[in-house]
Structures are given as structure tokens and as C-alpha cells.
Amino acid sequence: MTTNTKYIFVTGGVTSSLGKGIIAASLAKLLQAQGYTVTIQKLDPYINVDPGTLNPYEHGECYVTEDGAETDLDLGHYERFLNVPTSQANNVTTGRIYQSVIQKEREGKFLGKTVQVVPHITDEIKRRVQILGKSGDYDIVITEIGGTVGDIESLPYIEAVRQLRWDLGEHNGIVIHLTLVPYLSAAGELKTKPTQHSVKTLMESGVQADILVCRTEHNLPKDLRRKLALFCNVTADSVIQSIDASTIYDVPNLMLKEGLDKVVLKKLALESTKPELKTWNKFVHRYKNPKTEINIGLIGKYVELQDSYKSILEAFIHAGAANEVKVNVESVHSEYLNDENAALMLGHLDGVLVAPGFGERGIEGKISAVKYVRENNIPFLGICLGMQMAVIEFARNVLNLSNANSTEMDPDTLHPVIDLMEEQKTIKNKGGTMRLGAWDCALMPDSKVEKIYNTEYISERHRHRYEFNSDYRYQIEKGGMQATGLNPKTDLVEIVEISEHPWFIGVQYHPEYKSTVANPHPLFVGFVKAALKHKNSK
């Protein structure tokens, strides 16, 4: 059991979207590959309690953990890189911090004191940061602070880091500052001034960066690194180049080459050895050297923003590498899809995935997609809402229940084949009240999914309010769509498939959340394999 956990804080400067999450995950991978137990947490400065009520256009996908936390999509990167589950404690928002402090104030726990940002908010931030460290499960906790240094929202977090460095003592806490060194093509040179100003802003808050990680499009020459070290109060070996990579999966090797792990461990007074990245590099090699390629259609209504389906896209990368296939994902906006143009938009594809989502926009297009692939024997995977659309399409077009629908889209439908879960009917608050986290599922013997998973029982993560209406189960199964996965306690239908179709599977849960580099999800691996078989049969 670890008694002296070390802490690494990752801040960002100059601009957002520099990739703090990928740098944090890559560093964690290198430290893990040297035998250290590592976890990563994200501090998000927005006032929402969690991203569960945020539109994907605002914040990308909402990632769900095993214990049912609705979290930032960066936690998906952490799990995919480390192959270690995250939890509620790995994502902290300003909303959650203030909610906790206000609740304590209402309970009278501050003994009549005036509640202030310092010390009460910063104390709560420090407490949250150390929950994982004090569990005794980790040698190193990496904390990524969202936003950019200088943002009003981030100030309490930076102040908490300043205090924590004193509390933790020497060699127990360091700060990595991720910044941008832009290239001005008109001048033909890299400019260090934005980084200098960013470090200065951090220092004005009382925090001195120990390591600079510099995002750049061009290699940083030695004299420029020395200049940065001189102006930013760091050693020359602490200026790390993070050059643009063709894939995020290259970043651990790039950071290894730069020696980021060595300088981190040196500053934390920990031993450094050569990381063991054999499995990782095997994956990268297969991903970069596919033997063939396939085209998969992703049918959704948030396709303009790739982060909306981040975990699905990454799961395809993992499954593609496992099959030595390049998976070209073609985004198809469901609002512009219908029965008339389905053949034109989908006919060339080797497989179709109908994505999760909420609300009625684009629903009929998803149903048209399901109809086309069902009738034309194209491999199909429906996730959450995608599975529900498959049930509705089957009820309408095979069972001739012309008005079949979900009560989410049409509360007065004559045939509610998808209906609000019983325990959801009394819920009024939207935040954090869906069916969330890992739930068990029993698989039907000899079904496609049982052969894919190669086990009788599985556990998968959920995020939904509506479910398969069991009142229609007999009718639907008699028509040829089987319920092949059931929750063993509630009898909730989790999986449907059509045995007469080459590969037609819909799942109520989100398999993409559990796909990692080390363990590609079997459903995605099977789907890619089926799509390749379909391509070869044309």
C-alpha cells in the first residue's frame, strides 16, 4: 500500500485545446510502464456539477465511469491509455466544489465563519485532489487543470496548487506547464514570447513551473530551448518539445524520446528505468500498417463535431488495429437521411453504426438507415438510442405497427415499443438521474453476442432513461428479432439481434466506453471483422 503519494499538476497556457489530457495520459503511460501505479484526475473550471446536462456541441461527449459518474471526455483518454478504470473521484468541477462548500455552510459546519474562496473553496479543492492519493492505491496522481492560465475560472485551482506544493513538501509535488511556441511563417521563425508571458502569468499566482512542455509545429532548436529555460526559470532538460503527431498514440513514444518521464521522476526523487512499451508499440505498428481498409458509416446528429463521438472513433481505431484493418469512419448526418436517399448515402459502406443521442431531431433518418442495412444485409451496430431505433424500425416495417415509436419522441404513440423506465417516471431533475454506470447482462447461449464475448455474463456501462418495452417482447421475437442479452435482476432487454441477418446487433449500453489499447472491445472487433467480410463478399 502506497503511503507517500507523489503529485503532478498539469496546467495550460497561451491557448486552449493544446492537448493537456494527451500529455497527462502519455506521461502516465510511461510512468506506469516503469512499474508505478498511476491515476489521472481532471479539474474542470465550469460551474456545471458535471457535463451530463451539457450539449455535445458545447463539450464533446459525456464519458461515463464504472461507478456511474458523468465526466469529461479526457477521462476516456486516461482509461484508453492506462487500461485502468477511473471513478467519480477522477473528475472534479467548480460546480461540485461550490455545491459541497455551500452544503457544509447550510449544515453549520463552518461555525459561523465567513465562507470565502480562500481558505474554504481552496481547502475543498485540495481535499478533492488528495482523495485518490490518500486511498493508498497510487504511487503518483496526475492532476490536469482545465482551462488556460489567466482565466478567471481557473484562479482558485491555481491557488490550491500553490498551497499544495507547500503542504506536500519538497519532491512530492511538481508542476508541468503545457504551452504553445507558434511559428510565424511571415517571419520564418518560432516565437517564445507567448510562452514567456504564460509562465509569467503563472508566477504571478505564486506557482513556478518545474517543466515546460512546448507544443510546436517545428522542431525546437537548442538555443531556443536554452532561451526558454533562462526566461522561465527551469533547467534546460526541463524544456520538452511536443511536436504535432499524426496520431495521439505516437505521443508516449515522443515524450519518451524527449525524456519527459526521466526529468519528472528525477524531480520527484523516484527511480527511473526504461519503460516497457512492447504491447503499446505492437498496437501502434498494427494501426499504422493495415493490410486493407473498410468504410463504416457513423449515423448521428452531432457529426460536425468529432468529439461528440470520441470514444466510438477511438474504439474503431483499437478494433481496426486488432483486425489489421484501417477503419475509415464516414460521418452521415441523420437529419439529411431518408428512405429515398439511403441507397445513395449508405450503399457503398461496409458497415453502419447508428450512434447514441437524445431528442427527436434526426430520428427518422436513423430509422431509415436501420431499414436500409437490415434489408440489404449490411453489418449493423446500434448503440443506446441506435438500438432503440432498430427496435422501432423492426416494429414498423416487419411487424407492420406503423405508429411504433419511443415515448421520448411521441408520448402518445399507439405502440410504445420503447418507453420510459419505470423508476424514471417520478424523476424531475435532469442532472445525474439517468441509469448510469456498470450493470450486469446475461447473454443467450449460442447467440452472436455470446460467441463474440465468449462468456455467459458481461458488465457494461449505461447512460439512458428509456428502454425496450417488454410488453412487445413476444411479438418482436416472434417476428424474428431476438432479445439475446437481459439484465438478470430486472429482465431489461439489453441486446437485440437478428439471427437471419449476417451481423445485426443493437445494444442498450455503451461498449465504446470500455475499449482500450490493451483490450479492444470485442463488439467493435467483431463488427469490424464482419464489415471486412461484407466488403470481401461484394
Side-chain angles (χ1 to χ4, degrees), residues 299-301 332-343 346 352-376 380-428 430 433-435 441 444 462-487 490-501 504-509:
I299 320 296
K301 62 178 182 180
V332 181
H333 203 304
S334 58
E335 271 194 289
Y336 309 123
L337 189 62
N338 53 52
D339 287 353
E340 285 69 43
N341 65 16
L346 309 178
V352 166
L353 184 148
V354 175
F358 298 92
E360 61 183 330
R361 184 169 67 90
I363 287 304
E364 293 302 323
K366 290 185 175 184
I367 291 170
S368 292
V370 175
K371 181 185 179 188
Y372 182 79
V373 297
R374 179 182 59 78
E375 291 179 344
N376 290 277
F380 165 80
L381 176 59
I383 295 177
C384 197
L385 184 68
M387 172 265 203
Q388 296 174 5
M389 294 305 100
V391 173
I392 292 169
E393 188 280 327
F394 192 84
R396 286 183 186 179
N397 298 315
V398 177
L399 304 182
N400 296 316
L401 304 176
S402 58
N403 298 111
N405 214 327
S406 164
T407 51
E408 180 183 6
M409 321 309 165
D410 180 5
D412 301 317
T413 177
L414 292 173
H415 296 291
V417 292
I418 304 295
D419 198 9
L420 188 63
M421 299 180 74
E422 197 60 42
E423 61 268 31
Q424 291 283 325
K425 291 180 180 177
T426 56
I427 290 173
K428 289 185 172 61
K430 298 293 183 189
T433 55
M434 281 186 270
R435 185 178 194 237
C441 177
M444 181 189 289
H462 295 68
R463 186 174 183 250
H464 66 104
R465 296 185 194 279
Y466 292 80
E467 66 178 351
F468 184 105
N469 186 345
S470 293
D471 291 346
Y472 287 88
R473 183 176 161 190
Y474 174 76
Q475 199 173 349
I476 287 171
E477 289 202 305
K478 191 179 177 185
M481 176 180 273
Q482 295 81 36
T484 55
L486 300 173
N487 181 295
T490 64
D491 230 25
L492 167 69
V493 174
E494 298 271 15
I495 306 172
V496 295
E497 60 182 73
I498 299 174
S499 57
E500 291 180 7
H501 190 283
F504 188 105
I505 294 172
V507 296
Q508 183 58 70
Y509 50 82

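Between the CD1 atom of I418 and the CD1 atom of I392 there is a distance of 5.5 Å, given to the nearest 0.5 Å. Taking CG of L385 as the reference point, atom NZ of K366 lies at 4.5 Å (rounded to 0.5 Å). We find the CG-CD1 distance between L337 and I367 to be 11.0 Å, quoted to the nearest 0.5 Å. If you take OG on S470 and CG on L492, they are separated by 7.0 Å, rounding to the nearest 0.5 Å. Within the model, atoms CG of D410 and CG of N405 stand 5.5 Å from one another, a figure rounded to the nearest 0.5 Å. A distance of 12.0 Å separates SG of C384 from CD of E467, quoted to the nearest 0.5 Å.
Contact annotation: the side chain of F468 never approaches that of Q508 to less than 4.5 Å [non-hydrogen atoms, C-beta and beyond]. For the pair R396 and K371, the minimum side-chain heavy-atom distance is 4.5 Å or more. Side-chain contact between V496 and M387 is present, with heavy atoms from C-beta onward closer than 4.5 Å. The shortest side-chain heavy-atom distance between L486 and V493 falls under the 4.5 Å cut-off. Between L346 and I299, some side-chain heavy-atom pair lies under the 4.5 Å cut-off.
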Quick one: do Y472 and H415 satisfy side chain to side chain contact (heavy atoms under 4.5 Å, CB included)? Show the steps, please. CA-CA 9 Å; Y472 287 88; H415 296 291; 3.2 Å; yes
Evaluation steps, side chain to side chain contact (heavy atoms under 4.5 Å, CB included), between F394 and V370: CA-CA 9 Å; F394 192 84; V370 175; over 6 Å; no
Are V398 and M481 close enough, and set up right, to give a side chain to side chain contact (heavy atoms under 4.5 Å, CB included), and what steps lead you there? CA-CA 10 Å; V398 177; M481 176 180 273; over 6 Å; no
Checking C441 against I495 for the side chain to side chain contact (heavy atoms under 4.5 Å, CB included) test, could you report, in this order, the C-alpha distance in whole Å, the side-chain angles of both residues, the deciding distance, and whether it holds? CA-CA 9 Å; C441 177; I495 306 172; 4.1 Å; yes
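N376 contributes no side-chain N or O that, together with a main-chain N or O of A343, makes up a donor-acceptor pair within less than 3.5 Å. Here the side chain of E477 pairs no donor or acceptor atom with the backbone of Q475 at under 3.5 angstrom. Within the 3.5 Å criterion, the main-chain N or O of E335 finds a donor-acceptor partner in the side chain of H333. One N or O on the side chain of Q388 and one on the backbone of Y466 form a donor-acceptor pair closer than 3.5 Å. Not one N or O on the side chain of K301 forms a donor-acceptor pair closer than 3.5 Å with the backbone of A355. Listed for the Q482 side chain is a donor-acceptor partner under 3.5 Å among the backbone atoms of S499.
Checked options N469, T413, D419, D412; the residue passing with T407 is D419 (criterion: side-chain hydrogen bond (donor to acceptor under 3.5 Å, both in side chains)).
Remark: H501 engages no residue in a side chain to side chain donor-acceptor pair (under 3.5 Å) (not counting sequence neighbours).
Closest approach of Y372 to A342, counting heavy atoms only: CB-CB, 3.9 Å.
For E497 and T484, the side-chain atoms include at least one donor-acceptor pair closer than 3.5 Å.
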